[in-house]
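See below for the structure under consideration.
Please read these numbers as outputs of a predicted model, since none were measured by experiment.
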Amino acid sequence: MDKEVLNMSNKPFILAVNAISGGGKTTIVKELQRKLPKSKALFFDDRNYDSDSGIEDICKWIEEGADVNRFNLDLLAEDIEKLIKENLNYIIMDYPFGYRHKAISKYLDFSIFIDTPLDIALARRIIRDYSTTSIQNVFDDMKQYLIQGRSAYLYGLDETKEKADYVIDGSKSLDGIVSEIMEKLIHINPAG
């Protein structure tokens with residue numbers, strides 16, 4: 001899809017791409033950045049936001065209600081502010097929380113959730129994270145996933161998905177997902 005999607009306002013249109021870990025956020029954002037004119041991407045994993053959050057055990061954090069506002073995202077907000085000042089049509093964010101974080105939600109124009117089945121996300125994580133490690137590390141991670149990790153995936157899936165503006169089937173091909181997002185963007189009036 002080579003149709004240009006233009007932002008008619010002075011501020012770039014800010015699109016958040018949300019998914020669970022292994023859901024395809026990073027790959028999709030990179031492809032969107034390649035296809036959308038005058039766009040830049042922000043990747044949540046490029047910074048370590050949880051060092052200031054006091055969250056030591058992610059599963060315990062989820063059991064306690066998973067307040068995403070405990071993450072100090074001031075640096076991400078600063079990054080967004082810098083990009084807003086540039087002559088861009090789009091800021092595309094690889095970002096797990098959608099509208100749930102108060103400091104970031106005010107910037108977002110649209111949030112897309114990639115609804116990736118847990119088995120696909122888990123397989124991608126194993127390939128991504130364990131391609132150069134021992135099989136014992138994979139076994140240990142799978143045990144942890146079965147004990148506590150799966151609930152973390154389900155929570156992130158439900159909580160962010162229900163607040164998204166649009167949900168896409170994450171089992172589709174990369175081209176299919178990106179084409180669907182591009183079509184959706186064509187029908188959104190960023191100035192309105």
Side-chain angles (χ1 to χ4, degrees), residues 11-33 39-86 88 90-118 120-122 124-126 128-130 140-141 144-168 170 177 181:
K11 177 186 145 319
F13 186 80
I14 301 177
L15 171 68
V17 177
N18 323 125
I20 58 175
S21 179
K25 296 181 299 292
T26 301
T27 302
I28 292 164
V29 167
K30 286 179 181 178
E31 187 64 15
L32 286 170
Q33 183 183 12
S39 65
K40 287 202 177 170
L42 287 174
F43 299 92
F44 185 78
D45 290 343
D46 282 353
R47 294 188 184 262
N48 184 10
Y49 300 105
D50 56 345
S51 63
D52 292 338
S53 67
I55 300 169
E56 311 235 345
D57 180 343
I58 198 79
C59 292
K60 183 178 179 203
W61 171 72
I62 288 171
E63 289 170 11
E64 294 171 346
D67 179 8
V68 298
N69 292 292
R70 284 183 56 192
F71 285 90
N72 180 349
L73 299 185
D74 291 345
L75 292 175
L76 181 59
E78 287 175 20
D79 291 342
I80 294 168
E81 288 285 345
K82 287 177 191 171
L83 289 180
I84 286 173
K85 294 174 185 171
E86 294 186 24
L88 298 172
Y90 290 94
I91 298 171
I92 312 155
M93 296 178 59
D94 167 346
Y95 174 67
F97 302 138
Y99 292 114
R100 293 172 49 216
H101 197 288
K102 292 175 197 169
I104 302 304
S105 64
K106 64 185 177 188
Y107 294 107
L108 303 181
D109 293 306
F110 203 74
S111 178
I112 291 179
F113 186 81
I114 310 302
D115 192 9
T116 306
L118 292 181
I120 293 173
L122 183 59
R124 287 178 182 162
R125 273 196 55 238
I126 291 169
R128 178 190 72 202
D129 297 345
Y130 297 107
D140 292 343
D141 194 34
Q144 187 61 31
Y145 176 84
L146 291 172
I147 293 167
Q148 292 181 307
R150 187 170 186 276
S151 63
Y153 273 79
L154 291 173
Y155 182 84
L157 186 143
D158 293 341
E159 208 42 38
T160 305
K161 178 180 172 181
E162 72 183 32
K163 291 177 173 50
D165 295 309
Y166 191 68
V167 178
I168 294 178
I177 291 170
I181 293 171

ask   = With Glu86, which residues qualify under salt bridge (Lys or Arg N to Asp or Glu O under 4.0 Å), at least two apart?
value =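 For Glu86 the salt bridge (Lys or Arg N to Asp or Glu O under 4.0 Å) partners, ignoring immediate neighbours, are Lys40.
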inquiry  = For Lys106, give me all partners under salt bridge (Lys or Arg N to Asp or Glu O under 4.0 Å), at least two apart in sequence or on another chain.
reply    =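 So Lys106 forms no salt bridge (Lys or Arg N to Asp or Glu O under 4.0 Å) with any residue.
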How long is the gap from [atom1] on [X] to [atom2] on [Y], to the nearest 0.5 Å?
X	Y	atom1	atom2	value
Ile14	Met93	CD1	CE	7.5 Å
Ile168	Ile112	CD1	CD1	5.0 Å
Phe110	Tyr166	CZ	OH	8.0 Å
Asp94	Thr26	CG	OG1	3.5 Å
Leu75	Asp46	CG	CG	12.0 Å
Ile114	Thr160	CD1	OG1	12.5 Å

Which atom names give the shortest non-hydrogen contact between [X] and [Y], and what distance separates them?
X	Y	result
Pro117	Gly170	CD-C, 4.3 Å
Gly22	Thr116	O-CG2, 4.3 Å
Ser111	Gly98	OG-CA, 3.8 Å
Ala121	Ser21	CB-O, 3.5 Å
Leu32	Ser39	O-OG, 4.3 Å

query = If you draw a 6.0 Å radius around NZ in Lys30, do more than 12 non-hydrogen atoms from other residues or ligands fall strictly inside?
reply =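 Atom NZ in Lys30 is not crowded, with 12 or fewer foreign heavy atoms closer than 6.0 Å.
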No-hydrogen, no-angle side-chain donor-acceptor test under 3.5 Å, Tyr90 and Gln33 =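 Per modelled atom types, Tyr90 and Gln33 side chains form no pair under 3.5 Å.
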Check whether any side-chain heavy atom of [X] sits under 4.5 Å from a side-chain heavy atom of [Y], and report yes or no.
X	Y	result
Asp141	Ile126	no
Glu31	Ile177	no
Glu162	Phe113	no

key: Derivation and outcome, side chain to side chain contact (heavy atoms under 4.5 Å, CB included), residues Ile28 and Ile92   = CA-CA 10 Å; Ile28 292 164; Ile92 312 155; over 6 Å; no
ask   = Using 30° and 60° as the class limits, which term best fits the ring planes of Phe97 and Phe71: parallel, tilted or perpendicular?
value =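 Because their plane-to-plane angle lies in the 30° to 60° range, the rings of Phe97 and Phe71 count as tilted.
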message = Which residue is it: Val17, Leu15, Leu42? I am looking for the one with a side chain to side chain contact (heavy atoms under 4.5 Å, CB included) to Val29.
response =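 Testing Val29 for a side chain to side chain contact (heavy atoms under 4.5 Å, CB included) against Val17, Leu15, Leu42 leaves exactly one candidate, Val17.
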Those residues that, when tested against Glu78, pass side chain to side chain donor-acceptor pair (under 3.5 Å) (two or more places apart) =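 Side chain to side chain donor-acceptor pair (under 3.5 Å) list for Glu78, sorted by chain: empty.
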Salt bridge present between Asp45 and Lys25 (N-O < 4.0 angstrom) =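 No.
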query = Within the distance-only criterion (no hydrogens, no angle test), does the side chain of Asn18 pair as donor or acceptor with the backbone N or O of Tyr95 below 3.5 angstrom?
reply =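 Yes, because the side chain of Asn18 sits within donor-acceptor range (under 3.5 Å) of the backbone of Tyr95.
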request  = Determine, stepwise, if the pair Phe44 / Leu73 fulfils side chain to side chain contact (heavy atoms under 4.5 Å, CB included).
outcome  = CA-CA 10 Å; Phe44 185 78; Leu73 299 185; 3.8 Å; yes
inquiry  = Before you tell me yes or no, could you show the steps for His101 and Leu76 under side chain to side chain contact (heavy atoms under 4.5 Å, CB included), namely the whole-Å CA-CA distance, both residues' side-chain angles and the distance that decides it to 0.1 Å?
reply    = CA-CA 11 Å; His101 197 288; Leu76 181 59; over 6 Å; no
